[in-house]
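Some notes on the structure that comes next.
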Amino acid sequence: MSSISVGSPSINISQPKRRHWRRRSEFGMILLASGLTICAYLIVSLSLTSKIPSNLQFFLGFVLILGLLAHLATRVLAPEADSVLLPTVVLLNGLGYVMISRLDVYSVHKSAPWQAAWTALGVGVYILTLKVVKRTRDLDRYRYIIAIIAAILLALPLIPHVGENIGGARLWIHIGNVTFQPIEIAKLLLVIFFASYFVEKKELLSIGTLRIGNRLFADPRSFGPILLAAIVSLMAMAIEHDVGFALLLFVLFISMLWIATGRFAYVLLGIAVFALGTWMGSHLLVQVNDRIVVWLDPWKYSSGGGFQPIQGIISLAAGGLGGVGLGQGLTGLYVPVPQSDYIFVAFGEELGLFGSAAIIVAFLIIIGSGFRIAVAAKSDFAKLVAAGLTILIGFQSFFILAGIERILPLTGVTLPWVSYGGSSLVANYVLLALLMRISSESEERKLEDLLKE
Amino acid sequence: MKVLDKRIQWIALILIGCFLLLFIQLNNLQIRQASHLTSLPYNFRNHQALLYLPRGSILTSDGTILATSKPTKDAFKELREYPTGSLFSDIVGYDSIYYGVTGVEAVYNSYLSMHPSSSSSLGGILTSQDTTDDVILTLSTKLQQVAVQALAKYPIGAVVAIDPQTGAVLAMYGKPTYDPNPLTSHNISQERAYFASLNPSSPTSPLLSVAYQQRYAPGSTFKVVTSSAVYQRDPSLATKNYPYLHYLTLPQSNSLLHNFANEGCGGQLPILLEQSCDTGFGQIGLDLGANNLAGEAQQFGFNQVPPIDLTNVAKSNFPSAASFATQLPFLAYSAIGQGNVQATALQMAMVAGAVANDGVMMVPHVLSQIQDSLGQTVKQYVPQPWLYSTTPSSASSVTSDMELVASAGTASNLFPPSQNIAAKTGTAQTSQAAGNNNWLVAFGPNGNGVKPQVAVAAVVPYFPGLPKDTTGDQIAGPVVETVLETALSLGL
């Protein structure tokens, strides 16, 4: 694939009109999302204290400035990028913040100021990523460095004094009094590494070169680095006692491998390996076994491990169709850790099926846009990166929501952009920036092709 | 490239399917199953209303505050506090957002929680304000503290002191017990951790009161009921001479009922009770017959939940008359309070109280009165009889037999002779003879036209570390003595 100079100033001038409609509609939708967030904030305050919040103008300014900053940066740095992604993320992040601050009434340690700070940092990192990653293929250059950094990040929580156990999982590191989940960043690096590696070794992986009997098999040597990456990530997870991310990384790995090679055998092999891993995990790791046992019959453990799942579905049920109203729910009193893993049930209770379905639809919009970007992308590498990032968002939100709704055993991952959590928020803003970069790039290419004709 | 797109679309389809599943399950949980899920006892929203409002206090008869609510600045608005901690937890219970309401907190909830004022003044009718009432109990702080000290030596045990003439509970303490304060804390994780540490699903959880929610074989204290059955239902047996035996050969079997420590005993009923003669009472049980013994147990409150104003009160068990037809050996065992007979400490205090009160078992109660926020009495408890357990003359015969137990029998040297205390010991073997459940019931003072003021029952069930050969008078005797003498000296 020959390299073509993209995003050059000449195109900016030649196609001003076409460029602006995407950003204009994005601007409108960001105003709408910010408006909804501010309304929600106002309603919560009226509901809880019957007063208009004293810091309303400050909050209003904060939401609008962050939204507009992200928008303006996109206008300059990724002018042709998809127009619905950013507004949807602004809405999810905004509503998530409102719910976190609303749930803060029940806790001594306030989470909302932290979430605000992390959001600001997230937007900053979003702009920085767009600025630094000018072209998608820049990411393709540092494949092994990226893999090594990912491996180091995965191993960080295991280092004594740096790592920290929260809720039985050793996924955190602390710097000063700030805790961080390095795996959130590692998952993005793994997407880039897998994409880069699979694209280069696509032929080798998909066409059999090794003959056993009268059948051809893919050369086992090309599996080495992949297997290593998969094993390292899964082992780290086993030691860190967390299933959620191990499952997510595994699904990511298998799906990307299948997209690259089209070999269904990999999927079957992957499912078999994961089933084996889960079976072993449930026998070796107490946490894994507990999660499965509680999933099968939470009522039996209603005051122990079943407490959170039971309270979660009761919160959803309490919301019914229309919800009890913002600020009127009691999820914060009864559901443990309502601001991170279980924030969705707080929406389910206060906004009802309308609200919870709206959040699901918002994620579907993001997933749809993500896959659309992947299909529209001009290089295999960009396609795989975009698909991988979308798979991360899609399956991460599916796993946590399915866990809450008791479709699957509970896996402790955050709901992207909505849940409380700095590392998750920052990492998902990087993810958004990468999707925007790929999207902008392919649209620019399309324009360029049109111009040539 | 087109191939990649196709595969990406497949993954997209799979994810859309996953999200469709999420949406369907949301409909199921939020609409279809909503009313079922929200009606479950796990839904704390059902008793949430109690929390956001002020709540009345619970006090002892001497004015000690046992439960009170304080305004707080957090979202819960009110904090429920129990200043005496575990001292009265079995009685007061708790008012917890997670674990519901128990004990007096539950029974008198309608007075303690906010309700329309019942003021009869004109201003009250016009303004009709909401108010909370205070609940004043019959219990004595001093006596309760003495009960705790009396049981301090043992990890498990219970003592119950009642006023036999009114049924008022003066002290009731069982251990192990719990501190209700963490259960009403506003720190949810602390609340849950403390509740879990109490092993709520275990049959020996400290959440269950050893005084009125745990049952133990009452052993020879049940001979009080058997004696009453003789006087009331077959008086001829009272003067029958039972042979001096070391063991009794039981009908329908080859099994032998041995006396405690294989001693020999025999004689007429007063002597049998004084020495707690198992062979004699075993034969009395067989002579009385199943109907008489089961009927008498029923009249003394067995197989019925005592109507005390507390929650989840256990009933005491006596086998049905029919069950003895082919199981006569069990009738002999039941007559001496073993076999399948099981009683709570509260029940045995009520049995002693019924004998003390001319055979009338009063409704046991912890409520003395309810006062409104201005200190005016809203409701005064009026004592009422529950069961006519036995006739006054039978009761008086049993009383004099029980006085012999305290003056010359198995409970001698425990009580000051001047008070003519009536008592009965109980030493029930636990299964496989690991050790004994140790009981003592007593009431007094008696004689010279004095009416008994206090009836007390204490049980110290077998626990690992207790020697095998303990007896009721050694272990439970001093507990009853301390509580009874303190109650009398306090003039309760």
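We name chains A, B, ... by the order of the sequence lines, and we start the count at 1 in each one.
- For B:Y94 and B:Y82, the ring centers are positioned 6.0 Å apart or more.
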Could you walk me through whether B:E78 and B:R55 pass the salt bridge (charged side-chain N to carboxylate O under 4.0 Å, His left out) check? CA-CA 8 Å; B:E78 292 279 332; B:R55 190 172 170 85; over 6 Å; no
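- Closest non-hydrogen pair, A:F395 versus B:C18, comes out as CE2-SG, 4.5 Å.
- The parts of A:I259 that come within reach of chain B are both its backbone and its side chain, each placing non-hydrogen atoms under 4.5 angstrom from that chain.
- Comparing A:G370, A:G320, A:G394, A:A387 by heavy-atom pairs within less than 4.5 Å of chain B, the highest count is held by A:G320.
- Checking A:S439 against A:D82 by side-chain atom types alone, no donor-acceptor pair falls below 3.5 Å.
- Both the backbone and the side chain of A:L316 come within contact range of chain B, each with at least one heavy atom under 4.5 Å from a heavy atom of that chain.
- For a residue to count as touching a neighbouring chain, one of its non-hydrogen atoms must lie under 4.5 Å from one of that chain's; by this rule B:N27 touches chain A with backbone and side chain alike.
- Considering only heavy-atom pairs separated by less than 4.5 Å from chain A, the leading option among B:I14, B:I16, B:T38, B:I8 is B:I8.
- Between A:E441 and A:K378 no salt bridge is recorded (no basic side-chain N to carboxylate O distance below 4.0 Å).
- Using a 4.5 Å cut-off between heavy atoms, B:L22 touches chain A through backbone and side chain atoms alike.
- In this structure, no portion of A:F354 lies under 4.5 Å from any heavy atom of chain B.
- The contact between A:T331 and chain B is made by backbone and side chain atoms together, counting heavy-atom distances below 4.5 Å.
- Within the 4.5 angstrom heavy-atom criterion, only side-chain atoms of B:L40, from C-beta onward, approach chain A.
- Between A:W258 and A:F264, the ring-plane angle classifies as perpendicular under the 30° and 60° cut-offs.
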Would you sort out whether A:I100 and A:V418 count as a side chain to side chain contact (heavy atoms under 4.5 Å, CB included), showing the intermediate values? CA-CA 9 Å; A:I100 287 163; A:V418 184; over 6 Å; no
